[in-house]
Amino acid sequence: MLLTRSIRRKMVAGLGVLLLMLGLLAIGSISGLSNYKRTVKDLELIEAAPRNSRLIGAVVKLIDPLHLEKFINDRPESTHEELYKWQRKEAEQALHETREVIEEHKQQLDLHFEGLSGQRFAPDNLNAQRESYSRLRAHINDILAKYEWSLDALEDPDKHDATSDYILSLVTELPAAIEELEELEPLENMHPRLKAAQRDYRAHLVLVWSTSLLVLSMFLFLSISAYRGIVKPIRALHRGASRVASGDYDYRVKLNTHDEISHLAVAFNHMTERFQSVTADLDKEVKQQSQQLVHSAKLAGVGFLAAGVAHEINNPLHAISTAAEGVQMRLAGLLKDANESDAEIVREYLKMMQSEASRCRKITEKLLDFARSKETERNQYDVTAIVREVVAMLNHVGKFRDRTITFDENAPHYAYVNGSEIKQVALNIIANALDATKSGGEVTIDIHELPDAVELTCKDNGCGMTPEVLEHLFEPFYTTKDTGKGTGLGLSISHRIVRDHNGVLEASSDGPGQGSKFLIRLPKSPRQAKAA
Ligand code: ADP
């Protein structure tokens, strides 16, 4: 039963065992009852057996009316004729009663023989006995007929005495004839019957005990199986549910009952695993969101400070640049008397002042751009077209000529954005990717459409990034490029733009030398832009 697979089959097997137990108990009880019934029947036969003594008693009663003295004593004043008449009446009455007894005896005999036939203890000479009794009955009836026939003569005073003697001789012969017959005495058979009943009793006692023991062991087996197969697994399941509910997500329910309960345990474990992974994902997401929040706060702080500084130094820079231009215009007159090498140095320094002042102004412009989180015009723009324009532009930049940009997308993908801002972002990311690759490097751009966003990826096989670079990537002024080559503002501005669009800008890399991947996700509609 323990090997059966489903609870339904286990229950069917359990019911089968229960039915077997009931069957065994029923067999024991029915066979005991039938044995008891047989013994009762035997006792009934003994009790109901007709007695020959009763027959003799009835026959002897026929003699009573023949004693004339009894009538004379009772009615001394009556005449002989009256006495004879009375005597005849009494004889008729006795005859009638005797016939009734004989009839009753016959019926008892019939029942007796009927009950005995087929019985274990029926005597062998049952038929012979039956015949002897019917012969005796015929003989008695014959004598009773003669008795009846002689009654007329009993009234006749002339024939009275002779008839009385005749009847007496007829009747007195009967008891002897009856006694000749073997008495139907079932008590003779009592001893073997008693022995057989004792044997039956012992056999049934053994039967009842063994069936009871068998039923008891079946019951124990059934109880243990039910405990192991149903109660224990359900307890294990309950324990597991309580442990998981109290926060122990590593707990797993182990069951090997191979039935619905173990299927339930597998499903429960699966659910716990899913729950565990969902919780871990949620934790990770919360961590990322918090990091992003901190990062955004940091960016906003730095942006605010940078914008302030930029604003403050913008005017002095303008003054330096204008002053340098003014000095340059007057330079020819001023350097008339100076020697050539000094004049050359002054010219060079002036140029440097102008170019560095202009570089500084570009930086301050960018900084102001970064801090200026303004509400710009948004519309449905084809991201494919924007990227295609940027790629075409970069293909013409001399220093990137020996790199390959792969962009095979032709289908339009519309996003709800500010076109020029997204162009700036795309330019930044693709230019950075080209910068990161050496001669012969490759940059691959893809666009995917999601249900509620357009996703742009830019992959390169360039220098890749360390976890440290990835951590500071979007911070203003963070750059790994040589001084003068990079400002470290491109990605922070791009990040701000994408965030203002309620989009996502993410970077990933498997490490130095493994290339990098940038992902930009932009909302498709104003509703999604707001919902994001
Ligand atoms: P800049 O390009 O002026 O340095 P950015 O903000 O655009 O400033 O970039 C910041 C830094 O991010 C870069 O100096 C570079 O180290 C890193 N970076 C950006 N894009 C990539 C890329 N595709 N591969 C490797 N490093 C990159």
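Whatever order the structure lists them in is the order used to number ligands and atoms, beginning at 1. When a residue number appears, it is its place in the shown sequence, counting from 1.
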### Query
Is the shortest distance from a heavy atom of F518 to ligand 1 less than 4.0 Å?
yes
### Query
Short list, please: which atoms of ligand 1 are under 4.0 Å from a heavy atom of A433?
23 (N)
### Message
If we count only N and O atoms by modelled type, under 3.5 Å, do the side chains of E449 and H413 hold a donor and an acceptor together?
### Response
yes
### Message
Is it true that K423 and N428 share a donor-acceptor pair across their side chains at a distance under 3.5 Å?
### Response
no
### Task
For ligand 1, note which part of S509 has a heavy atom under 4.0 Å away: side chain, backbone, both or neither.
neither
#### Entry: Where ligand 1 meets C463 - atom numbers and elements under 4.0 angstrom, heavy-atom basis
25 (C)
### Query
Under 4.0 Å from any heavy atom of T487, which atoms of ligand 1 are there?
3 (O)
### Query
What about S492: any of its N or O atoms under 3.5 Å from an N or O on ligand 1?
no
### Minimum non-hydrogen distance to atom 24 (N) of ligand 1, winning option of A436, P512, P476, G490
A436
### Contacts of D250 that satisfy side-chain hydrogen bond (donor to acceptor under 3.5 Å, both in side chains) - sequence neighbours left out
Q276
### Query
Looking only at protein heavy atoms, which one is nearest to atom 12 (O) of ligand 1, and how far off is it?
L473 CD1, 3.2 Å
### Task
Identify the protein heavy atom lying closest to atom 6 (O) of ligand 1, giving its residue, its atom name and the separation to 0.1 Å.
L491 N, 2.8 Å
### Query
Got more than 12 heavy atoms from elsewhere within 6.0 Å of NE2, H448?
yes
### Query
Taking distance alone, with no angle check, do G464 and ligand 1 share an N/O pair under 3.5 Å?
no
## Note on the structure
min-distance protein heavy atom vs atom 11 (C) of ligand 1 -> Y478 O, 3.8 Å
### With I405, the side-chain contact (heavy atoms from CB on, under 4.5 Å) member among I445, T444, V387
I445
### Query
atom 2 (O) of ligand 1: which protein heavy atom is closest, and how many Å away?
K481 NZ, 2.6 Å
### Query
Are Y414 and Y381 close enough that their ring centres sit under 6.0 Å apart?
no
### Message
Is it true that, when you exclude R347 itself, more than 12 heavy atoms of the residues, nucleotides or ligands shown sit nearer than 6.0 Å to its CZ?
### Response
yes
### Query
For ligand 1, is G488 a contact, meaning one of its heavy atoms is under 4.0 Å away?
yes
### Summary
Within 4.0 Å of some non-hydrogen atom of M465, the atoms of ligand 1 are 25 (C), 26 (N)
### Query
Non-hydrogen atoms of C458 versus ligand 1: any pair closer than 4.0 Å?
no
### Nearest-contact summary for atom 23 (N) of ligand 1 - protein heavy atom, Å
D460 OD2, 3.0 Å
### Summary
All heavy atoms of T437 vs all of N461, minimum pair found to be CG2-OD1, 3.6 Å
### Task
Fit a plane to each ring of Y249 and F275, take the angle between them on a 0 to 90° scale, and name the class: parallel (under 30°), tilted (30 to 60°) or perpendicular (over 60°).
perpendicular
### Query
Among protein heavy atoms, which lies nearest atom 20 (N) of ligand 1, and at what distance?
N432 CB, 3.3 Å
### Query
Quick check: does N428 get an N/O under 3.5 Å from an N/O on ligand 1?
no
### Query
Looking only at protein heavy atoms, which one is nearest to atom 14 (O) of ligand 1, and how far off is it?
T480 N, 2.8 Å
### Task
Could you pull out the closest heavy-atom pair between A436 and D460, with the gap in Å?
CB-OD1, 4.5 Å
### Task
Only counting residues at least two apart or in another chain, list the ones meeting ring-ring contact (aromatic ring centres under 6.0 Å, His included) with F219.
none
### Query
Should the pair H472 and Y478 be assigned to parallel (<30°), tilted (30 to 60°) or perpendicular (>60°) ring geometry?
tilted
### Query
What's the shortest distance from atom 4 (O) of ligand 1 to any protein heavy atom, and which residue and atom give it?
T479 OG1, 2.5 Å
